[in-house]
Amino acid sequence: QEHLVESGGGVVQPGGSLRLSCVASGLILDYYGVAWFRQAPGKEREGVLCISSTDDRTYYADSVKGRFTISRDNAKSTVYLQMNSLKPEDTAVYYCAADLADCPVGSLEMDYWGKGTLVTVSS
């Protein structure tokens, strides 16, 4: 019954902001690295940001550096993705995923995945 649920997606204009949430159930989030991935229609899924169990951050996509921030609240079993200065190219389904081995390098292998939340950036 372990699962992750994303929320907070929606439609915003370029330059706008959204805050995505990932709530974990059935697992102790303290022990997991949690990453955000995204996939646009017709494109491969890519890593965006990851936060380790020891609170280290890893940027997988250079295009979001300075605009996106990842954080965690273990007491609430929640990881957040704050997205500012959104661009049309940020449009994608955003997924959160957790792994006991913390943040992966060069792979999409994670123990648990959410079902995604859609972010659409359009004028």
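Numbering of residues begins at 1 and proceeds along the displayed sequence.
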Listed by chain and number, what are the side chain to side chain donor-acceptor pair (under 3.5 Å) partners of D56, not counting sequence neighbours? T54

What residues, two or more places apart in sequence or in another chain, satisfy side-chain contact (heavy atoms from CB on, under 4.5 Å) together with V93? Y95, L118

Please name all residues satisfying side-chain contact (heavy atoms from CB on, under 4.5 Å) with E46, sequence neighbours left out, ordered by chain then number. R38

Excluding sequence neighbours, so at least two apart, what forms ring-ring contact (aromatic ring centres under 6.0 Å, His included) with F37? W113

Using every non-hydrogen atom in the two residues, find where A98 and V34 come nearest and quote the distance to one decimal. CB-CG2, 4.2 Å

If you look only at distance, which donor and acceptor atoms sit under 3.5 Å apart when one is on a side chain in residues 76-83 and the other is two or more places apart or in another chain?
| from | atom 1 | to | atom 2 | distance (Å) |
| --- | --- | --- | --- | --- |
| T78 | OG1 | K76 | O | 2.8 |
| Q82 | NE2 | N84 | OD1 | 3.0 |

Taken in chain and number order and not counting sequence neighbours, the residues that satisfy side chain to side chain donor-acceptor pair (under 3.5 Å) with S53 are D102

Looking at OH of Y94 and CG of L20, how far apart are the two atoms once the value is rounded to the nearest 0.5 Å? 7.5 Å

Taken in chain and number order and not counting sequence neighbours, the residues that satisfy side-chain contact (heavy atoms from CB on, under 4.5 Å) with D62 are K65

Hey, what do you get for NE2 (H3) to OG (S25), rounding to the nearest 0.5 Å? 4.0 Å

Rounded to the nearest 0.5 Å, how far does OG1 of T69 lie from CZ of R19? 11.0 Å

In short, disulfide bond (SG atoms under 2.5 Å apart) pairs touching residues 41-83 with sequence neighbours left out are C50-C103

Using 0.5 Å steps for rounding, measure from the CG atom of D99 to the OG atom of S52. 12.0 Å

If we only count heavy atoms from C-beta on, is the P14 to P88 side-chain gap below 4.5 Å? yes

For atom CD of E89, decide whether the heavy atoms of other residues, nucleotides or ligands shown that lie under 6.0 angstrom number more than 12. yes

Rounded to the nearest 0.5 Å, how far apart are CD1 of I51 and OG1 of T58? 9.5 Å

Filter on ring-ring contact (aromatic ring centres under 6.0 Å, His included), then keep only pairs touching residues 46-76, sequence neighbours left out; what's left? none

ring-ring contact (aromatic ring centres under 6.0 Å, His included) pairs touching residues 10-31, sequence neighbours excluded, are none

Is there a donor-acceptor contact under 3.5 Å from the side chain of R57 to the main chain of S71? no

In the single-linkage hydrophobic clustering (I, L, V, M, F, W, Y; side-chain heavy atoms under 4.5 Å), do W36 and L27 co-cluster? yes

Examine distances only and state if a side-chain atom of E6 and a backbone atom of K115 form a donor-acceptor pair shorter than 3.5 Å. yes

Transitive ILVMFWY side-chain link L29 to Y112, under 4.5 Å: yes

Of all heavy-atom pairs between D111 and L100, which one has the smallest distance, and what is that distance? OD2-N, 3.0 Å

For the pair T91 (side chain) and T120 (backbone), establish whether a donor and an acceptor sit closer than 3.5 Å, ignoring hydrogens and angles. no

Is there any disulfide bond (SG atoms under 2.5 Å apart) pair reaching into residues 10-41, and which pairs are they, with sequence neighbours excluded? C22-C96

d(S63 OG, K87 NZ) to nearest 0.5 Å is 7.0 Å

By side-chain contact (heavy atoms from CB on, under 4.5 Å) - contacts of A40 (at least two apart): K43, A92

